[in-house]
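Worksheet: one structure, shown below.
This one's a predicted model, so the numbers in the text were calculated from it and none came from an experiment. Hydrogens, waters and symmetry mates are skipped; everything else that's a heavy atom, side chains included, is used. We name chains A, B, ... by the order of the sequence lines, and we start the count at 1 in each one.
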Amino acid sequence: MLSTVLDRKAEKRFALVDCNNFYVSCERLFNPALMGKPVVVLSNNDGCVVARSQEVKDLGIKMGIPVFRIYELIKRYDVQVYSSNYSLYGDLSGRVMSTLAYFAPDVEIYSIDEAFIDLSGFRYRDLTEYGNEIRQRVLQWVGIPVSVGIAPTKTLAKLANLIAKKSSSGVFDLSVYPSMDEILSQVDVGDIWGIGFKYATWLRDKGINTALQLKNADESLIRAKMGIVGVKLQLELRGESCLAMELLDNPKKGTCVSRSFPQSIDTLPELKEAIASFTHRAAEKLRRQKQSASVITVFARTSPFRDNFYSNSATAELDLSTNYTIELSRVAAQLTESIYRKGQNFKKAGVIMTGLVSEKQVQGNLFDVSNDEEKMRSRNLMSVMDTINEIYGRDTLRFASTGVIQVWKTKSEQRSPKYTTCWQDLLEVS
DNA sequence: TCTGGGGTCCTAGGACCC
DNA sequence: TCTGGGGTCCTAGGACCC
């Protein structure tokens, strides 16, 4: 009896497949000369380091550091610098994910470069071997190196992946390792999935420095500070699976488009232009997701790294939810006027759509005066715009309100070609 | 003097993730 | 001089209701 209970507890097996230095690996795939060289990929506006090759990690360059702080190192070690090329990364991500689908029916795409695979049904196989197959197949079919961590819970699989990354084989199955506690005692508490800077600081303050110490820590202490999330985390560390696979593509609860400006903006027309453009992008996203928004928030702020930080936002509720660009833009323009302050140097702004409902469920409003024919015409206009922009490239067709000057436009000076998603950028072999 | 109690809903803010 | 963007979940506390 007891053994069957234990059996059931040990039933689950999760693999976390994580692409190694994903953005850097994407750049290297189309430019093999980058192999073995230090490479970084930068965030929007070429602001911060968001991906690093191993050589760069070895130089001690941290994730998220502003690039201007490491110019010296870049020069000295001839670090290759790239702007983000999201269309390339997104396309390659899709190829990795579809390759993973060959290995198990249940794959949860967790982020652009990570997926959980439910291997519970395969647990009597040698999963280390299976992990190796996964690794080799992705490398062969897509050209991206991945690491595979395997364990009885998602949290432990994340942890196993950290170890896999450091190992030469790139695969680590924690569930067959003789002493899990020994491993946990070597993992810093801040490296656990779900423990960020704030919690890590607090935990260390309480003398909890390792994953093993967190696993064995007083539950009421953890609950008081971290709530139910902390309790589940402890259980997961103990091998009891609390976080299930999320397989349904849940509809989004909010959609946000925001940008930092390369130079700050201080006039109302410029701010309106920027926000108009973000609103257009957000409306496009909503239509792609087949959703409509009923609440719209506009925000703008100055640089948090300067004195006299100023930040403001305004929200409006729509009578009738919509994903029609012109309606959303009209509201966004009014909101922008209400948050603008003369004399402020705005460095970032954005628009957030919430109260999202499925396009089909949009409730009619008694006071809605537009007739069906009008609605049909708006819908057709949007769908024509979306199609043209999809075929001929973003912003082929756009509204005049998004501006002609576009001083706010994102900087991206080191972008590699869109090798896989744009005909003009196809790699040429001669 | 002494001023209910419990439920629900909503929102803002705080934490986290990649 | 130069510091990303887009999400999720949970909780506490206030409003409101009977």
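- We find that CG of Asn161(A) is positioned 13 Å from C1' of dC18(B), with the value rounded to whole Å.
- Straight-line distance from the CE atom of Met97(A) to the P atom of dC18(B): 13 Å, rounded to whole Å.
- Each of Met63(A) and Lys253(A) has a nearest nucleotide on DNA chain C; the 5'-most of these lies closest to Met63(A).
- For Lys285(A), taking side-chain heavy atoms from C-beta onward, the closest of the listed nucleotides dG4(C), dT3(C), dG6(C) is dG6(C).
- Remark: C1' of dT3(C) and NZ of Lys347(A) are 8 Å apart, rounded to the nearest angstrom.
- Between Glu284(A) and Arg281(A), at least one side-chain N (NZ, or NE/NH1/NH2) sits under 4.0 Å from a carboxylate O, which counts as a salt bridge.
- Contact annotation: Lys252(A) does not reach the phosphate of dG6(C) (side-chain N/O to OP1 or OP2, under 4.0 Å).
- Place Val50(A) and Lys232(A) on DNA chain C by their nearest nucleotides, and Val50(A) ends up nearer the 5' end.
- Nucleotide dG4(C) holds its P atom 19 Å from the CD1 atom of Ile112(A), rounded to whole Å.
- No engagement by Asp46(A) is indicated, since no non-hydrogen atom pair under 4.0 Å with the nucleic acid exists.
- At least one donor-acceptor pair closer than 3.5 Å links the side chain of Gln213(A) to the backbone N or O of Thr210(A).
- Remark: Glu337(A) engages Lys272(A) in a salt bridge, criterion side-chain N to carboxylate O under 4.0 Å.
- A salt bridge is defined here as a Lys NZ or Arg NE, NH1 or NH2 lying under 4.0 Å from an Asp or Glu carboxylate O, and Lys165(A) with Asp18(A) meets this definition.
- At a threshold of 4.0 angstrom between heavy atoms, the contacts of Arg259(A) are confined to the sugar-phosphate backbone, with no base atom among them.
- Ring planes of Trp141(A) and Tyr102(A): perpendicular class, angle over 60° (limits at 30 and 60°).
- Among the heavy atoms of the strands lying under 4.0 Å from Gly254(A) are primed sugar atoms or P, OP1, OP2 only; no base atom is included.
- Under 4.0 Å is where a charged nitrogen must lie from a carboxylate oxygen, and between Arg204(A) and Asp188(A) at least one such pair does.
- Residues from residues 210-217 of chain A lying near DNA chain C, meaning a heavy-atom separation below 4.0 Å, are absent.
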When every nucleotide of nucleotides 11-16 of chain C is labelled 5' to 3' by its protein contacts under 4.0 Å (heavy atoms), B for base, S for sugar-phosphate only, - for none, what sequence of letters results? S-----
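- Between the C1' atom of dG5(C) and the CZ atom of Phe278(A) lies a distance of 11 Å, rounded to the nearest Å.
- Of the possible polar contacts, none joining the Arg415(A) side chain to the Ser83(A) backbone as a donor-acceptor pair under 3.5 Å is found.
- Between Arg288(A) and Asp386(A) there is no salt bridge, since no side-chain N of the basic residue sits under 4.0 Å from a carboxylate O of the acidic one.
- You'll find the side chain of Arg28(A) reaches within 4.5 Å of the side chain of Val39(A), heavy atoms only.
- At least one side-chain nitrogen or oxygen of Ser258(A) sits closer than 4.0 Å to the OP1 or OP2 atom of dG6(C).
- OP1 or OP2 of dG4(C) lies within a sub-4.0 Å distance of a side-chain N or O belonging to Ser260(A).
- Between the side chain of Thr421(A) and the backbone N or O of Leu88(A) there is no donor-acceptor pair closer than 3.5 Å.
- Within 4.0 Å (heavy atoms only), Val67(A) reaches no atom of the nucleic acid at all.
- Among the protein residues, Leu243(A) comes within range of no part of the nucleic acid, since none of its heavy atoms lies under 4.0 Å from any strand.
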Can you check ring-ring contact (aromatic ring centres under 6.0 Å, His included) on Phe346(A) and Phe261(A), steps first, answer last? CA-CA 8 Å; Phe346(A) 293 102; Phe261(A) 309 129; 8.3 Å; no
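- Across the protein-nucleic acid pair, Tyr86(A) atom OH and dC18(B) atom P stand 15 Å apart, rounded to whole Å.
- Here dG7(C) presents its C1' atom at 12 Å from CG of Leu356(A), a figure rounded to the nearest Å.
- Here dG5(C) presents its C1' atom at 11 Å from CG of Asn45(A), a figure rounded to the nearest Å.
- Residue Thr99(A) comes nearest to Val138(A) through the heavy atom pair CG2-CG2, 4.0 Å, listed as atom of the first residue, atom of the second, then distance.
- In this structure a side-chain-to-backbone donor-acceptor pair under 3.5 Å is present from Lys154(A) to Ala244(A).
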Per-nucleotide pairing state of DNA chain C [Watson-Crick or G-U, under 3.5 Å; [ ] pseudoknot-crossing; | other strand]: ....||||||||||||||
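- Comparing the C1' positions of dG4(B) and dC16(C) gives an interatomic distance of 15 Å, to the nearest angstrom.
- When distances run from any side-chain atom of Tyr110(A) to the nucleotides dC18(B), dG4(C), dT3(C), the shortest one goes to dC18(B).
- Among the atoms of the strands shown, only primed sugar atoms or phosphate atoms (P, OP1, OP2) are found under 4.0 Å from some heavy atom of Lys158(A).
- Residue-level contact check: Thr255(A) touches the backbone only, with heavy atoms under 4.0 Å from sugar-phosphate atoms and none from bases.
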